[in-house]
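To keep things clear, I will list the structure first and then write my remarks on it.
Proteins get letters first, then strands, A, B, ... in listed order; numbering begins at 1 in each. Note that the structure is predicted; figures quoted are calculated from it, not measured.
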Number of protein chains: 2
Amino acid sequence: MALWIQISAGSNEPIYMQIVSQISEAIAKGEISAGQKLPAMRKLAAELVINPNTVARAYSELEQAGLITTKTGSGTFVNDPKLRTIDAANINILAERMDSIVARGINLGINASDLAAMFRGRVDSFINKSQKREKENERDST
Amino acid sequence: MALWIQISAGSNEPIYMQIVSQISEAIAKGEISAGQKLPAMRKLAAELVINPNTVARAYSELEQAGLITTKTGSGTFVNDPKLRTIDAANINILAERMDSIVARGINLGINASDLAAMFRGRVDSFINKSQKREKENERDST
DNA sequence: ATAATGTATTAAGAGTACTAATACGCTTTA
DNA sequence: TAAAGCGTATTAGTACTCTTAATACATTAT
């Protein structure tokens with residue numbers, strides 16, 4: 001378990017957001033499992049050569065999103081996916097973001113079928129990794 | 001043809017971006033057709049009670065995205081969709097945005113099938129409107 | 001106790017978003 | 001040709017965000 005997070009300083013995306021995105025996606029893909037401990041804020045900050053407050057900001061966002069839980073003195077841990085609840089407001093935000101992508105894709109000249117297929121492909125790549133992980137975990141615990 | 005653009009001042013999304021999004025989606029849905037003239041910057045600014053420069057900023061973004069063309073002295077017009085070219089760089093950006101949405105959806109507890117179906121639904125709603133428009137245009141020109 | 005971890009506060013610099021005021025150049029139209 | 005309409009460009013200022021920095025504090029683990 002080393003350092004899977006890569007930040008690019010030249011990006012227009014804020015550093016704390018890059019961290020949020022990468023950890024979010026890692027959790028969705030099952031690359032980090034429930035209960036697992038994330039790197040300590042100071043350590044991660046040192047490895048990425050950024051300020052600890054920036055990491056704290058990222059972890060704070062992730063906690064607010066319900067993905068992790070921080071315990072003072074102990075560390076930061078990934079939540080159990082089963083605890084997550086589907087909120088209507090979040091669904092709406094997701095729908096709006098989808099609309100934005102759909103408009104962008106169509107305006108780029110991509111037809112409807114290709115666009116849907118593309119999205120399906122991205123979903124599958126998440127699920128495949130997630131299922132791989134589950135198998136590995138089963139084998140490990142055996 | 002009145003004013004379909006609605007901006008909310010309290011939104012965290014910048015005003016010029018709200019304009020960009022709404023016009024982009026309107027173009028994708030075919031609610032604005034190729035060759036059609038957009039509202040003059042000053043007029044739109046007056047109607048929305050915002051600064052003309054903000055509208056100029058929005059139109060500038062749309063032009064850079066290849067969706068519209070501005071002609072000094074004449075006005076701003078929607079481009080012909082057939083002229084749009086699919087760029088690899090844009091596809092990658094689209095893929096990244098999809099990944100972000102997929103992670104978000106899965107982490108919210110939505111399963112893969114539902115997520116893909118949801119996206120498909122958004123795509124269809126665009127296409128349906130687009131086709132409706134095409135029929136109306138055929139009828140009008142008859 | 002000591003080390004490790006997260007929390008909180010305050011301050012400052014850099015960059016971005018938006019508004020504002022204004023002037024200029026091109027095109028259409030009377 | 002002159003006026004009106006439209007987009008372009010520049011400069012300035014205010015407000016907000018991102019990031020770093022320097023600390024100090026509270027809780028937990030060893």
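Considering only residues two or more places apart in sequence or on other chains, A:Asn79 meets the side-chain hydrogen bond (donor to acceptor under 3.5 Å, both in side chains) condition with A:Thr69. In terms of the salt bridge (Lys or Arg N to Asp or Glu O under 4.0 Å) criterion, B:Arg104 has no residue partners (sequence neighbours excluded). Judged as a side-chain hydrogen bond (donor to acceptor under 3.5 Å, both in side chains), and not counting sequence neighbours, A:Arg120 has no contacts. Listed by chain and residue number, nothing satisfies the side-chain hydrogen bond (donor to acceptor under 3.5 Å, both in side chains) test with A:Asn90 (two or more places apart in sequence, or in another chain). Applying the side chain to side chain contact (heavy atoms under 4.5 Å, CB included) rule to B:Gln22 yields the partners B:Ile5, B:Gln6, B:Gln18; only residues at least two apart in sequence or on another chain are considered. Qualifying side-chain hydrogen bond (donor to acceptor under 3.5 Å, both in side chains) partners for B:Thr54, counting only residues two or more places apart in sequence or in other chains: none.
Ion pairing of A:Arg57 with A:Glu61 is present here, as a side-chain N (NZ or NE/NH1/NH2) and a carboxylate O approach within less than 4.0 Å.
The ring-ring contact (aromatic ring centres under 6.0 Å, His included) contacts involving residues 86-123 of chain A comprise A:Phe119-B:Phe119, where partners must be two or more places apart or lie in separate chains. Counting only residues at least two apart or in different chains, ring-ring contact (aromatic ring centres under 6.0 Å, His included) contacts with residues 11-35 of chain B are absent.
In this structure, B:Tyr59 atom OH and D:dC6 atom P are separated by 11 Å, rounded to whole Å. Spacing between atom CG of B:Leu62 and atom C1' of D:dG7 amounts to 15 Å, rounded to whole angstrom units. For B:Lys37 and C:dT27, the NZ to C1' distance is 10 Å, given to the nearest whole Å. Between the CE atom of A:Met41 and the P atom of D:dT20 there is a distance of 15 Å, given to the nearest Å. At whole-Å resolution of the value, CG in A:Leu44 and P in C:dA4 are 17 Å apart. For the pair B:Leu48 CG and C:dT19 C1', the interatomic distance rounds to 15 Å; values are reported in whole Å.
In the region residues 67-74 of chain B, proximity to DNA chain C at under 4.0 angstrom, judged on heavy atoms, holds for B:Thr72, B:Gly73, B:Ser74. Contacts between residues 13-26 of chain A and DNA chain C, defined by a heavy-atom separation below 4.0 Å, involve no residue at all.
Inter-axis angle, ends of the helix from C:dA1-D:dT30 to C:dA30-D:dT1, five pairs per end, rounded to 10 degrees: 30°.
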Which protein N or O atoms sit under 3.5 Å from an N or O of nucleotides 21-23 of chain D?
unit_1, atom_1, unit_2, atom_2, d
D:dA21, N7, A:Asn53, ND2, 3.0
D:dA21, N6, A:Asn53, ND2, 2.8
D:dA22, N6, A:Asn53, ND2, 3.3

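In this structure, the side chains of A:Arg97 and B:Ser100 come closer than 4.5 Å at one or more pairs of heavy atoms. Side chains of A:Leu38 and A:Leu44 form no contact here, defined as non-hydrogen atoms less than 4.5 Å apart. No side-chain heavy atom of B:Ser33 sits less than 4.5 Å from a side-chain heavy atom of B:Val78. Looking at heavy atoms from C-beta onward, A:Met98 lies in side-chain contact with B:Leu115 at the 4.5 angstrom threshold.
With distances taken from any side-chain atom of B:Ala40 to the nucleotides C:dT5, C:dT19, D:dC6, the minimum falls on D:dC6.
OP1 or OP2 of C:dA17 has at least one side-chain nitrogen or oxygen of B:Arg57 nearer than 4.0 Å.
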